[in-house]
Amino acid sequence: MSAASPSDDLSPPSAPTAHPSVHVPATVAPHQTPAAQAAAATLLARIGMGLVALVALIALLSTIALWQKVSGMKEQLARQSAEATAQSMEARTLARQASDTVRDAAARVALIETRVAEVALQRSQLEELIQSLSRSRDENLVIDIESAVRLALQQAQVTGSLEPLLAALKAGDLRIGRAAQPRLAPVQRAMQRDADRLRSTASTDGAEALQKLDELVRSVDDLPTLNAVAVRGTGVNAWRPEPIPADAPWWQRVLLTIRGEARSLVRVGRIESPEAVLLAPEQSYFLRENLKLKLLNARLSLLSRQMDAARGELGQVTASLNRYFDPASRRTQAAATQLQQLQQLVRSTEPVRIDDTLAALTTAAAGR
């Protein structure tokens, strides 16, 4: 392969074939020498070397910056590692101290639990001792109150007065209040209920009944019987002799006297109770005494709080009054009215009862 000579390169190109009808101007090629070409090549080489040097400088600067950054990262990592190591050692120390503290605290807690268990045991024993003492004291208190209440109840049943029973209930209430035992609170409430009920039901029925009985005993002797014709009734009686006028002549007085005697010899009437009409005068005396005895028996029954016996005696007195005594007499009617009132008073008077208090005392004595 042969190199072309510069003359060949710089030779003008062959002129184109001109068209006969078109005129083309001729182009003149620049004239370049070898020195200019060498200078251009040197310039291009220098520019390339500058670019290479610039790239190399940039790469070097980048490498230096990257190296510094890596060195800083290494230092930071080393510092962080040292700090982490120090913190780890400090954490281990703290963990060891915490473990020692926990161990000491566990030992102290175990000791405290042991002491608490001992104190709890002593407390339970002390509470049992106090409860046993309190229970024995409460039992003695309940027994004393029950004895006093039962004795007062017997006195009230015998005498008919509620004052001893109310006093016993009040004294028991005060003793329970001073004892301040919650276990005896039901007993205290029961005693208060019974005391309030006794105060509300307490009345003068017993005294009034006794007064009426005394009045009946005193009025028995004045009650007219059915066979007492001369004093029968208070109004006009067909069997009573007619009054004789004071200014009547002697013959009229004689006639009136004879007629009255004749009318008294014969009496016509309906007899419903033959035993009452045929009663002898001495039997009337014993009838009245028997009636007084029945009234006194009713009085004793009322005093001894035997209401059934008192009602039975009053019923017998009422039957005798209706059978042997004149029902038309005002005194007999008043006595019958008093007997009816007595029946109502005796029926309304109930025996003294404190069932709530006795039941509460029995429950407290049983320890429930």
Side-chain angles (χ1 to χ4, degrees), residues 204-248 252-303 307-349:
T204 58
D205 292 346
E208 185 178 358
L210 294 177
Q211 183 179 359
K212 289 184 179 296
L213 281 173
D214 294 338
E215 292 177 359
L216 279 175
V217 171
R218 289 192 298 267
S219 64
V220 166
D221 294 333
D222 298 332
L223 295 178
T225 57
L226 285 174
N227 61 350
V229 179
V231 294
R232 183 181 179 186
T234 57
V236 179
N237 195 335
W239 306 107
R240 176 176 261 177
E242 295 181 359
I244 300 175
D247 55 349
Q252 189 176 1
R253 294 180 180 178
V254 172
L255 290 177
L256 290 176
T257 303
I258 294 173
R259 189 175 65 175
E261 292 294 333
R263 293 180 62 181
S264 64
L265 293 177
V266 180
R267 185 171 56 181
V268 179
R270 183 176 179 180
I271 300 176
E272 296 181 356
S273 301
E275 66 277 8
V277 176
L278 300 177
L279 196 65
E282 60 273 10
Q283 291 178 344
S284 298
Y285 170 77
F286 289 109
L287 174 64
R288 298 177 189 277
E289 294 300 323
N290 189 18
L291 202 62
K292 291 179 182 180
L293 289 176
K294 289 181 180 179
L295 291 173
L296 292 176
N297 288 335
R299 192 175 191 277
L300 291 175
S301 300
L302 188 62
L303 289 175
M307 301 303 168
D308 295 336
R311 284 194 289 269
E313 295 293 341
L314 291 177
Q316 293 180 7
V317 171
T318 302
S320 299
L321 186 67
N322 294 331
R323 177 178 297 179
Y324 295 104
F325 293 90
D326 186 10
S329 175
R330 293 182 179 179
R331 294 179 179 178
T332 305
Q333 294 175 0
T337 303
Q338 288 182 347
L339 285 174
Q340 292 178 358
Q341 295 175 357
L342 278 172
Q343 290 283 0
Q344 295 177 358
L345 290 176
V346 172
R347 189 178 295 108
S348 62
T349 305

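In this structure Glu215 satisfies the side chain to side chain donor-acceptor pair (under 3.5 Å) test together with Gln338, sequence neighbours excluded. Residues meeting the side chain to side chain donor-acceptor pair (under 3.5 Å) test with Asp222, sequence neighbours left out: none. In terms of the side chain to side chain donor-acceptor pair (under 3.5 Å) criterion, residue partners of Gln341 (sequence neighbours excluded) are, by chain and number, Lys212. Shown here are the side chain to side chain contact (heavy atoms under 4.5 Å, CB included) partners of Gln333, two or more places apart in sequence or in another chain: there are none. Applying the salt bridge (Lys or Arg N to Asp or Glu O under 4.0 Å) test to Arg288 and every residue at least two apart in sequence or in another chain returns nothing. Residues satisfying the side chain to side chain contact (heavy atoms under 4.5 Å, CB included) criterion with Ala336, sequence neighbours excluded, are Leu321.
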Using atom types as modelled, flag every donor-acceptor pair under 3.5 Å from a side chain in residues 313-320 to any protein atom, sequence neighbours excluded.
residue, atom, partner, partner atom, Å
Thr318, OG1, Leu314, O, 2.9
Ser320, OG, Gln316, O, 3.1

Going by atom type alone, with no hydrogens or angles, which donor-acceptor pairs under 3.5 Å involve a side-chain atom of residues 290-298 and a protein atom two or more places apart or on another chain?
residue, atom, partner, partner atom, Å
Lys292, NZ, Asp221, OD1, 2.8
Lys292, NZ, Asp221, OD2, 2.8
Asn297, ND2, Leu293, O, 3.2

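The two atoms that bring Thr332 and Pro327 nearest to each other are CG2-CA, 4.2 Å, heavy atoms only.
Counting only heavy atoms from C-beta outward, the side chains of Leu287 and Phe325 approach each other to under 4.5 Å.
How far CD of Gln211 is from CG of Leu342: 10.5 Å, rounded to the nearest 0.5 Å.
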